Asker: 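The structure's right below; bear with me while I get my questions together.
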Amino acid sequence: MNVANLSPDLKIPEDDGGCNHLKGFRLPSISLPNQDGNLLKLNRDDTFRIVLYCYPMTGRPDKSLPKNWNNIPGAVGCTIETSSFRDNYDKIISLNAVPIGLSTQSIDDLKEMTERLSVPYDILSDIDEKFINNLNLPTFTILEKNYIKRLTMIIERSIIKKVFYPIVSPKKHIIEVLEWLKIN
């Protein structure tokens with residue numbers, strides 16, 4: 001990724017090694033609620049791959065972002081990233097994969113976002129941090145609330161095959177995902 005082509009205001013996240021342990025990891029048997037409150041199991045033996053993209057938080061038009069949100073490396077761009085996965089949904093499906101989003105936001109926040117952005121796939125709430133803690137995923141904290149750092153995992157038959165971390169450009173990340181799916 002050529003960081004010279006990115007906005008000069010974008011705070012670039014650094015690789016802190018927070019995901020080095022994930023490749024080859026078998027997902028635990030955890031189910032999380034989606035935007036409708038229905039539980040979805042991620043540990044599955046389906047023939048399709050899961051593209052699980054994790055992000056800190058999508059903003060809402062009726063709520064303010066946490067103070068200094070835009071100064072946190074990797075925090076900005078969650079809505080843009082979700083929109084890019086939405087816009088490429090058919091391409092992802094054609095590559096025998098299904099996108100699923102995950103954040104620590106509430107089901108109500110996820111419902112508002114999926115309706116507003118017309119997201120055709122599940123977004124999961126890990127508000128209780130069950131998944132994050134079981135996989136020891138990298139997080140950051142603002143005002144005693146934990147947010148997951150932006151990362152994407154490609155999961156095949158419950159095994160993490162690929163991890164994208166850190167994600168420098170939420171807008172261009174979908175290109176990396178599609179290229180990986182095409183050749184693997």
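Every value quoted in this text rests on a predicted model; they were computed, and no experiment measured them.
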Asker: If every non-hydrogen atom of T104 is compared with every non-hydrogen atom of N146, which pair is closest and at what distance?
Answerer: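 It is OG1-O, 3.0 Å.
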Asker: Considering residues at least two apart in sequence or located in another chain, which fulfil the side-chain hydrogen bond (donor to acceptor under 3.5 Å, both in side chains) criterion with N43?
Answerer: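 Expected list: S158.
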Asker: Could you check if a side-chain atom of F48 sits within less than 4.5 angstrom of a side-chain atom of I93, using non-hydrogen atoms only?
Answerer: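 The answer is no; the side chains never approach within 4.5 Å.
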Asker: Determine, for R44 against D46, whether the closest basic-nitrogen to carboxylate-oxygen distance falls under 4.0 angstrom.
Answerer: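 Result for this pair is yes, salt bridge flagged.
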Asker: If you draw the axis of the six-membered ring of Y147, does the NZ or CZ of K145 fall within 45° of it and under 6.0 Å from the ring centre?
Answerer: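 Geometry flag: set, cation within 6.0 Å and 45°.
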Asker: Could you check if a side-chain atom of H173 sits within less than 4.5 angstrom of a side-chain atom of F85, using non-hydrogen atoms only?
Answerer: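 Heavy-atom side-chain distance check passes, below 4.5 Å.
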Asker: On the six-membered ring of Y89, is K91 placed so that its NZ or CZ lies under 6.0 angstrom from the centre and within 45° of the ring axis?
Answerer: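 No, K91 does not lie over the aromatic ring of Y89.
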Asker: With sequence neighbours left out, write down each residue that passes side-chain contact (heavy atoms from CB on, under 4.5 Å) with S31, or none if nothing qualifies.
Answerer: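 With neighbours one apart ignored, the set is L39, K41.
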Asker: Is there side-chain contact between I100 and L42, with at least one heavy-atom pair below 4.5 Å?
Answerer: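 Yes, at least one pair of side-chain atoms sits under 4.5 Å.
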Asker: A side-chain contact here means heavy atoms from C-beta on lying under 4.5 Å apart; do P56 and Q105 qualify?
Answerer: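 They are not in side-chain contact.
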Asker: Charged N to carboxylate O below 4.0 Å: is that the case for E81 and K171?
Answerer: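 No.
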Asker: Could you tell me the separation between the CH2 atom of W180 and the OG1 atom of T152, rounded to the nearest 0.5 Å?
Answerer: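 Reported value, rounded in 0.5 Å steps: 12.0 Å.
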Asker: I'd like to check the side-chain hydrogen bond (donor to acceptor under 3.5 Å, both in side chains) partners of N20; sequence neighbours left out, ordered by chain and number.
Answerer: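 Checked N20 against side-chain hydrogen bond (donor to acceptor under 3.5 Å, both in side chains); zero matches.
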Asker: With clusters defined by side-chain heavy atoms of hydrophobic residues (ILVMFWY) lying less than 4.5 Å apart, directly or transitively, does F131 cluster with M57?
Answerer: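 No, no single cluster joins them.
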Asker: Any salt bridge between E176 and K172, counting N to O under 4.0 Å?
Answerer: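 K172 and E176: not salt-bridged.
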Asker: Are the side chains of N34 and I123 in touch, meaning some heavy atoms are under 4.5 Å apart?
Answerer: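 No, too far: nothing below the 4.5 Å cut-off.
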